[in-house]
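The sequence lines fix the lettering, A, B, ..., with proteins before strands; numbering per chain opens at 1.
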Amino acid sequence: MFPHLGRGLGLRCEHYRHVVDTRPNVDWFEVISENFMGPGGNPRRVLEAVRRDYPVVLHGVSLSIASTDALDDGYLDALASLSRDVEPAWVSDHLCWGRAHGINTHDLLPVPYTEEALGHVVRRVDAVQTRLGRRILLENPSSYLRFRHADMAEPVFLAEVARRADCGILLDVNNVFVTAHNHGLDPSAYLAVLPAERVGQIHLAGHTIEGPLLIDTHDQPVRTEVWQLYAEAIARFGPRSTMIEWDASVPAFEELERELDRAAHWAWVGLGGRERRHAA
Amino acid sequence: MRPEGAARPPTLAAAQSALLSFITGGAPATEPCEQLIAGDDRASAGARIAVYAHMYRARLAEALTSQFPRLARTLGPETFGQLAARYAEDHPSRHASLRFLGQHLPGWMVANHDGAPTDVGLAGLEWARADIFDLVDEPTLTADAVRAWAPARFAELPVRLIEAHRLVTVPAGTAARWDTLVVEGDGEGEASGPGAAGTAPESLVVWREDAAVYHRLVDGDELLALELAARGTAFGALCEGLLSTHQEADAVTKAYGWLSTWLGDGLLRAA
């Protein structure tokens, strides 16, 4: 359903020059769609240069697919235009909402997992896919709360959206771990519900422990427990395009490359290799 | 089936409205939170909502800090954070991109900030700089192209500023204040030029050349000429605009000087 691109990184402004000048040994890059929707300037120049040498994936944070506000036509126009220009391997966003009454929180807010919400999201995914002329992927968000009236588990909801709307799943393994911890759930059981054929990409990132809750901060290395869950996901779903997200306290590019080496190791573990100490 | 007498579950729209108000509206009352959100031994409903409320405020403050780095440096993180929170209450983000978050801050500060006038000036100058970083790239007019223009038709030479520019007028001392503040990510430093004497507001032209954003002070005559060029004019019209206050020879000399400067700056769109 989605091509296997190998190991990728999120393209962040701290590394623009390094990537353009040195063309590092990375299979592909994911970019935040909203950061490249302006018509010119340095962001678009960098994106064009990177696209000449690498496959690129567009990853959005503002589609607000579950919002009860109308879909943002201006945003969709900009996304469609960017998609035509970049010709990404795919386009993704999150199973969440961030806008209501015209106000953007710029956050990935959780959905009440109900039949009403399911129908609503499916209709909107269908509309977006028609508008973009391509199948999209939706990512499971990290969450810190759940609605009392929810009558479905998140992975059941996500799997059903993917099936009914014929879209893909961007599986964020760190988000599964964070969400499962915060709500006292079993992350392995979460993975077991997802349809393998719909999982097109995997995200990995670091999180922070804040008292009783885990917060998805993207500001540190992937934790060992998340690597183990990643190996489990690879064992269950097979090799998948995998990328590292690191958005705050962004380290030197070499540190990200070491994280990709670790990803290769844990994918190898997931595919049946025996765990060994990774040479960083 | 829902037990008789049990409260009807909220619609998706109602649930989103309630959570939005909890997150953006400060500390919500406990009971409505617990009616909507499930708490447990790990964290109460209120504590869980507080995670999102904190992230909302932090994200907006972070975005505004990146758009107004020198203002943030001047005010300090606590005062700037409070200012950002009050601003976000009056001007919540209504665009899908945070890139537009700060567009109303300079005007809002005029009525809502008690600090130094140059604080408002910094906001105006920094927004102008932030607002052009991703505008369209255009080919610029070159000195060679101007030299190739037929001398007999020089008055018809089109003079039009690139889209990636802004003209701003700010309180006296703003440009000098900008120069004294160094923030992370600055290059080798960039002087705005000599500041205006006295307390009269000062005007600046802000523009982008490739990836770099520049600004410099301009006097009243040049500001009027730049406003004309922003709309699109011809070299002859620039000269005519000076004739009410200058002798013809002086006017032409001054207009040639601007043309030379603007070409060097990369301010003019290719004809």
If I compare all heavy atoms of [X] with all of [Y], which pair ends up nearest, and what's the gap?
X: Ser62(A); Y: Ala96(B); value: OG-O, 2.7 Å
X: His106(A); Y: Arg59(B); value: O-CD, 2.9 Å
X: His101(A); Y: Ser17(B); value: NE2-OG, 2.5 Å
X: Arg148(A); Y: Ile37(B); value: NE-O, 3.6 Å
X: Trp97(A); Y: Leu19(B); value: CZ2-CD2, 3.8 Å
X: Asn104(A); Y: His95(B); value: ND2-O, 3.1 Å

Interchain contact, [X] with chain B, by part (heavy-atom threshold 4.5 Å):
X: Tyr75(A); value: side chain
X: Leu108(A); value: backbone
X: Thr114(A); value: neither
X: Ile215(A); value: side chain
X: Arg146(A); value: both
X: Ser33(A); value: neither
X: Asp107(A); value: both
X: Ser64(A); value: neither

Quick check for you: to the nearest 0.5 Å, what is the distance between Leu20(B) atom CG and Arg99(A) atom CZ?
11.5 Å

I'd like to know which of Pro39(A), Ala66(A), Gly38(A) tops the heavy-atom pair count under 4.5 Å against chain B.
Pro39(A)

So which of Val46(A), Leu109(A), Asp69(A), Thr105(A) has the biggest tally of heavy-atom pairs under 4.5 Å with chain B?
Thr105(A)

Does [X] use its side chain to pair, donor to acceptor, with the backbone of [Y] at less than 3.5 Å?
X: Arg42(B); Y: His181(A); result: yes
X: Asp134(B); Y: Gly40(A); result: no
X: Arg48(B); Y: Asn182(A); result: yes
X: Tyr52(B); Y: Pro110(A); result: no
X: Glu34(A); Y: Arg99(B); result: no

Quick check on [X] against chain A: is it the side chain, the backbone, both or neither that has a heavy atom closer than 4.5 Å?
X: Glu163(B); value: neither
X: Val51(B); value: side chain
X: Asp41(B); value: neither

For [X], does the [atom1] atom sit with more than 12 other heavy atoms under 6.0 Å from it, leaving out its own atoms?
X: Arg23(A); atom1: CZ; value: no
X: Asp21(A); atom1: CG; value: yes
X: His104(B); atom1: NE2; value: yes
X: Glu160(A); atom1: CD; value: yes

With Pro112(A), the side chain to side chain contact (heavy atoms under 4.5 Å, CB included) member among Leu36(B), Leu12(B), Thr11(B)
Leu12(B)

So do the side chains of Ile103(A) and Arg94(B) get within less than 4.5 Å of each other, counting heavy atoms only?
yes

Would you indicate whether the side-chain heavy atoms of Phe22(B) and Leu145(A) approach each other to under 4.5 Å?
no

